[in-house]
There are 2 protein chains.
Amino acid sequence: MLLTMSKASDRAYAQIRSMILSGALPPGEQIREEQLAERCGVSRTPVRDALRRLEAELFIRRSESQRSFVADWSLGDVEEAFALRTMLESHAARRAAERIGWDQLERLRLANAAISKAIEADIPEVPTFLVQNRLFHAIILQAAASPRLSAMLAQVVEQPVVVRTALHYDKQNLARSLHEHEELVLAFARRDGDWAEAVMTAHIRRAFHAYADAHAQQREQEAA
Amino acid sequence: MLLTMSKASDRAYAQIRSMILSGALPPGEQIREEQLAERCGVSRTPVRDALRRLEAELFIRRSESQRSFVADWSLGDVEEAFALRTMLESHAARRAAERIGWDQLERLRLANAAISKAIEADIPEVPTFLVQNRLFHAIILQAAASPRLSAMLAQVVEQPVVVRTALHYDKQNLARSLHEHEELVLAFARRDGDWAEAVMTAHIRRAFHAYADAHAQQREQEAA
DNA sequence: GTGACCGTTATTGTATACAAAGAGAAAAAG
DNA sequence: CTTTTTCTCTTTGTATACAATAACGGTCAC
């Protein structure tokens with residue numbers, strides 16, 4: 001990640017992305033290039049550039065007549081994304097097990113220690129959990145040493161709907177997630193690709209069902 | 001696929017892409033926006049748009065200083081791409097087996113019949129083979145009904161180096177490819193996801209080794 | 001009142017001019 | 001002769017003006 005953000009298109013990209021993640025631009029909302037250009041303090045040219053990237057990452061969809069809208073993911077869409085993520089991330093875990101170095105293993109352990117501390121507080125520190133969780137998966141991806149795999153996974157994680165749901169994880173889910181992370185580290189230390197792949201598959205599938213449960217619960221509340 | 005190609009950026013995209021595939025823009029060549037704008041008969045704006053797309057599809061890479069070059073894939077890069085393609089396309093085959101309809105099955109059989117005819121000519125009609133082969137895989141992808149999976153696979157197939165190698169397939173490889181296609185149709189007809197996935201994995205892996213052999217052979221000839 | 005047609009307006013697509021940033025060449029210092 | 005520095009020129013980034021196109025709303029015929 002660049003620290004400078006020198007280019008206007010980069011700034012526009014970051015700003016629009018965070019507007020979508022935060023909900024300032026809600027799902028389904030039409031996007032007007034000129035309006036965003038104003039809000040970002042740049043001209044339409046870099047905004048268009050940013051929109052192309054966000055479209056490739058599925059944050060934005062375009063109608064047949066080229067108008068842009070904030071993506072509105074159905075449950076089916078999320079399920080499809082999780083299926084792909086399961087496949088890709090399990091593959092990454094296998095590759096990582098075959099390639100990981102001692103320094104990377106140590107960094108995984110550190111991330112897990114931070115997660116453990118965040119969970120065991122009286123009020124779990126969910127933002128810390130999210131940051132360290134992201135770091136944990138990023139290290140694995142790095143160890144997998146496949147730039148294309150990384151690029152693909154980026155398309156399939158961190159959609160707004162998923163991020164918002166993670167905020168409502170209960171303590172049990174947080175603890176299970178940590179346990180799976182620790183088992184992954186064991187598998188990596190033994191360089192057991194089969195083991196790592198299987199644990200990662202279970203890890204992502206559990207996360208999916210946690211999402212689906214939260215989603216269903218939310219639906220019930222809306223109905224009441 | 002749009003027939004009109006109404007927009008200038010679409011025309012630019014198609015033209016530049018075919019220049020790369022045909023070798024008119026060779027690997028490693030630096031790309032100048034203005035020069036391409038001239039050759040495509042449009043301004044730089046749509047060319048830049050097209051370059052962004054081609055960059056996302058890994059036809060083009062950008063240096064740290066934002067200059068664009070035609071991607072030059074190493075053997076390792078190609079191997080990585082084949083590994084991802086194996087995983088993605090096998091997954092697609094499983095999903096297709098669970099969802100495919102009779103009309104799609106029939107279209108698969110038609111494609112195979114065309115391939116069979118193309119192969120059995122005294123001089124195999126390789127272009128016909130390539131067209132029908134692409135169609136066969138496209139139908140499977142359609143049956144898999146996962147737009148994101150389709151988008152990801154697009155990033156990983158049809159790189160210039162692979163396409164050029166396919167032109168040198170020998171008769172034995174062509175025949176084996178057809179045989180695997182026919183076995184896939186059998187698996188689909190029985191709706192056997194495991195079978196379809198396994199055959200597809202074998203299909204792609206064989207293709208990879210055919211590529212690797214051709215590559216090694218070419219290296220030998222260059223050395224001599 | 002309903003539906004089709006047409007003009008207005010909002011929005012995106014393209015061209016062009018200019019600004020900024022880098023690479024390469026030429027010149028100067030060691 | 002090598003290395004460093006500066007300058008120029010190529011190339012990309014951004015702003016703006018204008019063209020094209022699609023959505024919206026109103027009018028007219030029935």
Side-chain angles (χ1 to χ4, degrees), chain A residues 1-20 24-72 151, chain B residues 1-20 24-72 151:
Chain A
M1 191 72 75
L2 279 145
L3 292 160
T4 53
M5 281 303 172
S6 51
K7 296 207 305 285
S9 68
D10 290 338
R11 274 177 293 148
Y13 169 83
Q15 276 194 262
I16 298 169
R17 188 179 189 277
S18 87
M19 283 191 250
I20 294 175
L25 287 175
E29 176 110 336
Q30 180 174 351
I31 283 170
R32 294 171 206 80
E33 295 175 355
E34 200 153 15
Q35 171 192 315
L36 281 180
E38 261 182 78
R39 289 176 72 171
C40 297
V42 297
S43 83
R44 273 181 57 214
T45 310
V47 168
R48 284 174 63 80
D49 212 77
L51 291 181
R52 289 308 256 232
R53 281 194 260 172
L54 291 164
E55 188 193 350
E57 295 167 10
L58 303 177
F59 282 93
I60 283 173
R61 62 164 251 270
R62 295 177 82 128
S63 73
E64 75 295 332
S65 65
Q66 303 305 106
R67 275 160 175 75
S68 302
F69 301 83
V70 178
D72 190 5
Chain B
M1 193 70 75
L2 280 144
L3 292 160
T4 50
M5 282 297 174
S6 50
K7 295 205 308 280
S9 67
D10 291 338
R11 275 177 292 149
Y13 169 82
Q15 277 194 263
I16 298 169
R17 187 178 188 277
S18 88
M19 282 191 250
I20 294 175
L25 287 175
E29 177 107 336
Q30 180 173 353
I31 283 170
R32 294 169 204 82
E33 294 174 357
E34 199 153 16
Q35 170 191 317
L36 281 180
E38 263 182 76
R39 288 175 73 171
C40 297
V42 297
S43 83
R44 272 180 58 211
T45 310
V47 168
R48 283 173 64 80
D49 213 75
L51 291 181
R52 291 309 260 235
R53 280 195 260 173
L54 292 164
E55 188 193 349
E57 294 167 10
L58 304 177
F59 282 94
I60 284 173
R61 62 165 251 270
R62 296 178 81 128
S63 73
E64 75 295 330
S65 64
Q66 302 306 104
R67 278 161 171 74
S68 302
F69 301 82
V70 178
D72 189 5

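Convention: sequence-line order gives letters A, B, ...; per-chain numbering from 1.
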Closest nucleotide among [options] to the [X] side chain:
X       : options                : value
B/Val42 : D/dA15, C/dA15, D/dG13 : C/dA15
B/Arg32 : C/dT11, D/dT12, D/dT14 : D/dT12
B/Gln30 : D/dT11, D/dA15, C/dT14 : D/dT11
A/Thr45 : D/dT12, D/dA15, C/dT12 : D/dA15

Inset, instruction - Calculate, to the nearest 0.5 Å, the distance between atoms CD and CZ belonging to B/Glu55 and A/Arg53 respectively. - result: 9.0 Å
Non-hydrogen atoms of [X] and [Y] that approach each other most closely:
X       : Y       : result
A/Phe69 : A/Ile31 : C-CD1, 4.2 Å
B/Val47 : B/Glu33 : CG1-O, 3.9 Å
B/Lys7  : A/Gln66 : NZ-NE2, 3.3 Å
B/Cys40 : B/Ala12 : SG-CA, 4.3 Å
A/Asp72 : A/Pro27 : OD1-CB, 3.7 Å

Can you tell me the distance, in whole Å, between the [atom1] atom of [X] and the [atom2] atom of [N]?
X       : N      : atom1 : atom2 : answer
B/Glu34 : C/dA19 : CD    : P     : 16 Å
B/Glu38 : D/dT11 : CD    : P     : 12 Å
A/Asp49 : D/dG13 : CG    : C1'   : 9 Å
B/Lys7  : D/dT21 : NZ    : P     : 11 Å
B/Leu51 : D/dT12 : CG    : C1'   : 11 Å
B/Arg48 : C/dA17 : CZ    : P     : 17 Å
A/Arg44 : C/dT11 : CZ    : P     : 11 Å

Inset, instruction - Name every residue in residues 54-72 of chain B that has at least one heavy atom under 4.0 Å from any atom of DNA chain D, in order of residue number, or write none if there are no such residues. - result: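 Going residue by residue through residues 54-72 of chain B, the ones with a heavy atom under 4.0 Å of DNA chain D turn out to be B/Arg62, B/Gln66, B/Arg67.
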Inset, instruction - Flag the pair B/Arg39 / B/Gln15 as yes when at least one side-chain heavy-atom distance between them is below 4.5 Å, and no otherwise. - result: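 No, every pair of side-chain atoms sits at 4.5 Å or beyond.
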Inset, instruction - Check whether any side-chain N or O of B/Ser9 sits under 4.0 Å from OP1 or OP2 of C/dT14, and answer yes or no. - result: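 Answer yes for this pair, as a side-chain N or O of B/Ser9 is under 4.0 Å from OP1 or OP2.
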Inset, instruction - Identify whether any heavy atom of B/Ile31 sits under 4.0 Å from a base atom; if not, whether one sits that close to sugar-phosphate; answer base, sugar-phosphate or nothing. - result: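 It contacts sugar-phosphate atoms only.
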Legend entry - Residue whose nearest DNA chain D nucleotide is more 5′ - B/Glu33 or A/Pro46: B/Glu33
